[in-house]
Amino acid sequence: MRMGIEILVDGTAVTLRPDDNLLAGCVKAGIDVPYFCWHPAMGSVGACRQCAVKLFAGPADTVGKIVMACMTPVTAGMRVGVAEAEAIAAREGVVEFVLANHPHDCPVCEVGGECHLQDMTAMTGHVSRRPRFEKRTHRSQDLGPFVKHEMNRCIGCYRCVRFYQDVCGGTDFGVFGSAKNVFFGRAQDGALESPFAGNLVEVCPTGVFVDKPFSANFRRKWDMRSTPSVCPHCAVGCNISIQERDGVFRRAVNRFNASLNEYFLCDRGRFGVGFLQGPSRLRVSRDRYGKVFARHAAVAHLAKIFASGKAVGVGSARASLESNFALRRLAGAARFYAGLTAHEVGVAQAALAAMRRVSTATLAQVARADAILILGPDPQVVAPRLGLALRQAATRPNDALLAAREIPAWHDAAARTAMAGQKNPVFVVGPAPTALDALARLAVRMTAEDTVAYALEVAHSPAGEVTDALLTAKTPVVVAGGSAALIVAGAKIVAALEARGIKARFVPLLAAANSIGLACMGAESAGSCATAGAQMVALENDFFGAAGLAAAASVTVLDHIETATAQAADFCVAVGSFADTDGMFVNLEGRAQPFYKAIFGENDAPAAWEILRDAGILAGILPPGTWPTRAALLADMTQEFSDLAPCLRALPAPGEPKPPGLPHRFSGRTASRAHVDVREAGPPMRAESPFGTTMEGAAQHGAEPLVWAPGWNSGQAVLRMAEADKDIFLFQDKIPDALMMPEPPWSYDAGSGVEEMSAHSPAIIARGWA
Amino acid sequence: MHLFHKTETQQYPEQKPKLAPRFRGRIVLTRDPDGRERCVSCHLCSAVCPCDCIDLQKSAAPEDWTPEYFRINFSRCIFCGFCEEACPTSAIQLVPDFEMSEFSRQSLVYEKEHLLIAGTGKDSGYNFFKVAGVKGAGAPPKSPKSLLP
């Protein structure tokens, strides 16, 4: 617990955190100070001059001086005037300048209504335009299928280049021109190369960068249902909000989680979720001849298969814990396989074994690590957001240096200058180049097999450059992936460090959203399960592709996208995707994260576990009345797998007030369905969800699915919201035998970075990633 | 005393009432002086509507802001005129016509084809794009690769 520092703001005592600057402290404390160039994740540069406040020298000072709040450290007893007339006039003047060239095109801007510039303008009180000259214009560029560029709206705050170059290391985007002619873009038209380019949409305080797929499915922020969800496109499980209207997916936006993704997502996550509205969704159950079946007929078909006793269940690393567990129960533990190659199962099992024995790092801990060893494939390809956290750690000005030079960490330009020419102890060892090589103190190429030998040497040897760096660090992190042997070797390094009392942490590199969840259920690879006479039931996976199923007597697929397996299958059952159902994933940190039904369409497919439950009851495998709710299924599941017991904490406590599911201004409600029926249907009823389905409910700041605070319509409102602390970590009780872990058989696969679901997103296809 | 007043009764429908131009009756969508649809799907009318009876959807083309559909549920509309006030492009206007009776409520749901008229309505010379400072309305763009002022 940090001690607060008490200061006087407009005569009122306010307690701020000492590691915040004056601006950040004031904003978090509920005092409205407008700003543009400061960003909570990027620190201060004092470029925009918007956060002017009065600073008084002491109690006797009546004149004071104007300072930029973002460049002012918080000191005990300081006296600050935010509401001083001079400070107000200065801030209004700055906004007037900023708006001199900003078009009045808010009605045709996708950001209108959630625009930081609009909020700040309203906050300064500036209302009428004085300049009579023509506004400067720019030619906007084509920046690819993800981001739309509208350069005329630019206010020159430099957040975009600071994010693109300093935070994510992009080199193809920069600033051109001079004076009022500054231009932020690429040298030539073309898709932005960085895999984090989509964050420009949220980083830009106005509408220069716009989410392009969202523009095609546009709604104002206040008109969309926003539901907390978890990105299903890699094992990091970044927190996202799915925004929906009329049963149509509109966009995915970052959902702040201080210990996970903080303010940024990767493009695979942000734009991959577009598969929900893509052309290859499986919406109806059908047989191989294309005959459509209703839900009860699909259930009857499944019941017949399970009743035959020849059913073989193939679980999925991208399906929820609930659905995998239901399939395992129906098929029987011995006839339940994982829809993964033997190599992938080995990697996931090794990661699980490592998690049970050594501490795993959260992404926030990775970003603050003071020494990093990366073993195996490029984290930025397998799990891009983890790659960004590693990059943050690699470029992070180190604490000792800043303390020696008395530079506060938020002072971005000074801190970066102090770091110039120095590299943090980051080491990359593996068979192929990675995106972090340029930042690493040492990047060594060796065969995958040699990498394992090298890692084991580090784990057991007391000397060497890497060993020394890890031993002198306070919170070193080891990242390993690509092979089970490498993961075990990485875990052994962490165990060796832990044995010496160092708070070392481990991150296994995994590809699928629920790799660890499936691994907890201990299934073998489905490689050889398609034997003669087997009745295969494949849950949300494309393991078999178009071929490889010839031996099986019949194949039934439960999925929500048209995979090659689904197209070759004898019977397809349409089930809900992660956005249509409630469920849980376990990510590569061992964090169990719930996601909730986000899309409310007319004929939504039920969750796979609901279909399987109905089939099980019909087949007589489950007693009637089994799993009436998800809570009942979770209770069953946690009884069988004690590792997963903390998952129950994700369920809302009975009687807990429900925050509203819709924004308080959800317009057009009496017209959106009026063309179908002028009589309005009631709201969808969802007893189990922790959120209401209407605009009504107990509004508690911090718990609402929508990021909003009075006067703060943009995503920056997150600074005003209480941090929700409901994270559930599994494997907290460690088995202390990590150094003795058996070394698994040898194989290596770097991972391609494209997974089954995002490959069906129109934007990802247009970008050429699928 | 009212007995001696001139009678105010009008013989409607034989005798049509004289309505002022500002009368708030049936809602129309107008076109700009060049004949293009004025509505830019900004959603301000639907946001301000107290009975939530306006729903619309921007076209799917990224540069096209005309609505794909624009629906008013007149069975809910209270003709308050807030939508007209909120409209930044003068697209949505209330006109002096109240003769909208129907036998079924469903017939009171108007789509864009029922709402869109051929003319500019009240604001005859106004074109949003000519005054908002969007593309083509300001000074011609300079090359960002030049450092000259």
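Worth knowing before you read on, the calculation uses all heavy atoms, side chains too, and leaves out hydrogens, waters and symmetry mates. Quick caveat, the model's predicted, so the values are computed rather than measured. Lettering of chains follows the sequences in order, A, B, ..., and the numbering in each one begins at 1.
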- Note on the structure: Separation between OG (A:S667) and CG (B:L56), nearest 0.5 Å, reads 8.0 Å
- Go through the side-chain N and O atoms of A:R679 and B:Q106 and say whether any donor and acceptor fall under 3.5 Å apart. no
- Message: Counting neighbours of CD on A:E696 that are heavy atoms of other residues, nucleotides or ligands and sit closer than 6.0 Å, is the number greater than 12?
- Response: no
- Task: Check whether A:F666 gets within reach of chain B through its side chain, its backbone, both or neither, counting any heavy atom under 4.5 Å.
- Result: backbone
- Query: Has the side chain of A:R220 got a donor or acceptor atom that lies under 3.5 Å from a matching backbone atom of B:C42?
  - Reply: yes
- Task: Determine whether more than 12 heavy atoms belonging to other residues, nucleotides or ligands lie under 6.0 Å from atom CD of B:Q15.
- Result: yes
- Item | The single option from B:C77, B:S75, B:C53 passing side chain to side chain contact (heavy atoms under 4.5 Å, CB included) against A:T670 | B:C53
- Task: Evaluate the criterion side-chain contact (heavy atoms from CB on, under 4.5 Å) for residue pair B:N73 and A:E680; output intermediate values, then yes/no.
- Result: CA-CA 11 Å; B:N73 180 356; A:E680 287 129 33; 4.2 Å; yes
- Task: Flag the pair B:R105 and A:D677 as a salt bridge only when some basic side-chain nitrogen lies within less than 4.0 angstrom of an acidic carboxylate oxygen.
- Result: no
- Taking B:H43, B:R76, B:R71 one by one, which has the highest count of heavy-atom pairs under 4.5 Å against chain A? B:R71
- Note on the structure: Under 4.5 Å to a heavy atom of chain A? For B:E111 that would be side chain
- Query: For the side-chain hydrogen bond (donor to acceptor under 3.5 Å, both in side chains) test, which of A:R669, A:R245, A:R673, A:H675 pairs with B:D55?
  - Reply: A:R245
- Message: Counting heavy-atom pairs under 4.5 Å with chain A, which one of B:S104, B:A47, B:P88, B:C49 comes out on top?
- Response: B:A47
- Between A:V676 and chain B, which part of the residue has a heavy atom less than 4.5 Å away: side chain, backbone, both or neither? backbone
- Name the orientation class of the two ring planes belonging to A:F218 and B:W65 (parallel below 30°, tilted from 30 to 60°, perpendicular beyond 60°). perpendicular
- Item | Structural part of B:T89 lying under 4.5 Å from a heavy atom of chain A | neither
- Message: Can you tell me which portion of A:C109 sits under 4.5 Å from chain B's heavy atoms? Options are side chain, backbone, both or neither.
- Response: backbone
- Check the pair B:K58, A:S215 against side-chain contact (heavy atoms from CB on, under 4.5 Å), reporting the backbone distance first and the verdict last. CA-CA 8 Å; B:K58 175 192 171 290; A:S215 181; 3.6 Å; yes
- For B:E8, does the CD atom have more than 12 heavy-atom neighbours from other residues, nucleotides or ligands under 6.0 Å away? no
- Query: Would one find more than 12 heavy atoms of other residues, nucleotides or ligands at under 6.0 Å from atom CZ of B:F23?
  - Reply: yes
- Quick one: what part of B:V40 sits under 4.5 Å from any heavy atom of chain A, side chain, backbone, both or neither? both
- Could you please spell out the steps behind the side-chain contact (heavy atoms from CB on, under 4.5 Å) verdict for A:R665 and B:D52? CA-CA 10 Å; A:R665 185 70 200 105; B:D52 294 317; 2.8 Å; yes
- First locate atom CG of A:D105, then atom CZ of B:F128, and finally report the distance between them rounded to the nearest 0.5 Å. 6.5 Å
- Between B:Y110 and chain A, which part of the residue has a heavy atom less than 4.5 Å away: side chain, backbone, both or neither? neither
- With a 4.5 Å cut-off on heavy-atom pairs, point out which of A:C106, A:G177, A:A671 contacts chain B the most. A:A671
- Note on the structure: Looking only at A:G668, A:G185, A:A187, the option with the highest number of non-hydrogen pairs under 4.5 Å against chain B is A:G668
- Message: Please classify the contact between B:C45 and chain A as side chain, backbone, both or neither, with a heavy-atom cut-off of under 4.5 Å.
- Response: neither
- Query: Is the number of heavy atoms from other residues, nucleotides or ligands within 6.0 Å of CZ (A:F97) greater than 12?
  - Reply: no
